Amino acid sequence: MVKPMRLTVLGGCGAWPSAGRACSGFLVEHEGFRLVVDLGYATLPRLLAHTSPRDVDAVLISHGHPDHCADLNPLLRARALDSDMPAALPVFAPPRALDAVLALDRPGMLDAS
């Protein structure tokens with residue numbers, strides 16, 4: 001029997017999050033695999049209500065505007081600073097789309113994530 005896929009909307013605001021809301025972000029779950037699609041402003045706390053940072057299996061960022069990728073940095077920080085660091089996180093994005101987000105930390109800090 002095929003299990004249904006679950007889609008959780010983490011946020012859907014435009015260029016910035018309004019009070020109590022978040023920008024673009026989605027959690028897709030299927031047969032134990034957790035894919036996060038976009039992580040705009042304010043989406044990480046919403047993601048954490050559904051899963052831990054270490055249980056995210058992959059991330060897909062559609063493009064480099066911060067309302068689609070700003071919270072990738074805190075997700076990677078949470079994984080990198082975990083006392084029992086999980087395996088590297090596959091992150092898929094267009095070329096150079098994440099340069100600004102990844103530059104928020106010192107060089108090498110997020111290499112394993």
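Just so it is clear, the model here is predicted, and its values are computed rather than measured.
Here the CG atom belonging to D57 is positioned 4.5 Å from the CZ atom belonging to F33, to the nearest 0.5 angstrom. To the nearest 0.5 angstrom, D38 atom CG is 4.0 Å from S24 atom OG. Between atom CG of residue L39 and atom CG of residue L72 there is a gap of 6.0 Å, rounded to the nearest 0.5 Å.
No side-chain donor-acceptor contact under 3.5 Å links D67 to the backbone of C23.
Side-chain atoms of T8 and R46, non-hydrogen and from C-beta on, never get closer than 4.5 Å to each other. Residues P45 and L48 have side chains not in contact (no heavy-atom distance under 4.5 Å, counting atoms from C-beta outward). A 4.5 Å side-chain heavy-atom check between L27 and L7 finds every atom pair outside the cut-off. The side-chain heavy atoms of V59 and L89, taken from C-beta on, include a pair separated by under 4.5 Å. Here the side chains of H50 and L10 are in contact, with some heavy-atom distance below 4.5 Å. At least one side-chain heavy atom of L76 sits less than 4.5 Å from a side-chain heavy atom of L102. Counting only heavy atoms from C-beta outward, the side chains of T43 and P17 never approach each other to under 4.5 Å.
Of all the heavy atoms in S62 and P94, the pair that sits closest is O-CG, 3.4 Å. Between W16 and Y41, the closest heavy-atom pair is CA-CD1, 4.4 Å.
Cluster membership check: L104 does not share its hydrophobic cluster with V91, using side-chain heavy-atom separations under 4.5 Å among Ile, Leu, Val, Met, Phe, Trp and Tyr. No continuous path of ILVMFWY side-chain contacts below 4.5 Å connects F26 to L44, so the two sit in separate hydrophobic clusters.
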Q: Might you work through the side chain to side chain contact (heavy atoms under 4.5 Å, CB included) test for V37 and L35, ending with a clear yes or no?
A: CA-CA 6 Å; V37 179; L35 170 68; 3.9 Å; yes
Q: Go through I61 and C69 one step at a time and tell me if the side chain to side chain contact (heavy atoms under 4.5 Å, CB included) criterion holds.
A: CA-CA 6 Å; I61 300 295; C69 67; 3.7 Å; yes
Q) Does the side chain to side chain contact (heavy atoms under 4.5 Å, CB included) test come out yes or no for V56 and L47, once each step is laid out? A) CA-CA 10 Å; V56 172; L47 175 65; 4.1 Å; yes
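Remark: R54 CZ is packed, more than 12 non-hydrogen atoms of other residues, nucleotides or ligands lying under 6.0 Å away.
Salt bridge annotation for D82-R79: absent, with no cationic side-chain nitrogen under 4.0 angstrom from a carboxylate oxygen. Classification of R34 and E29 as a salt-bridged pair holds, one side-chain N sitting under 4.0 Å from a carboxylate O.
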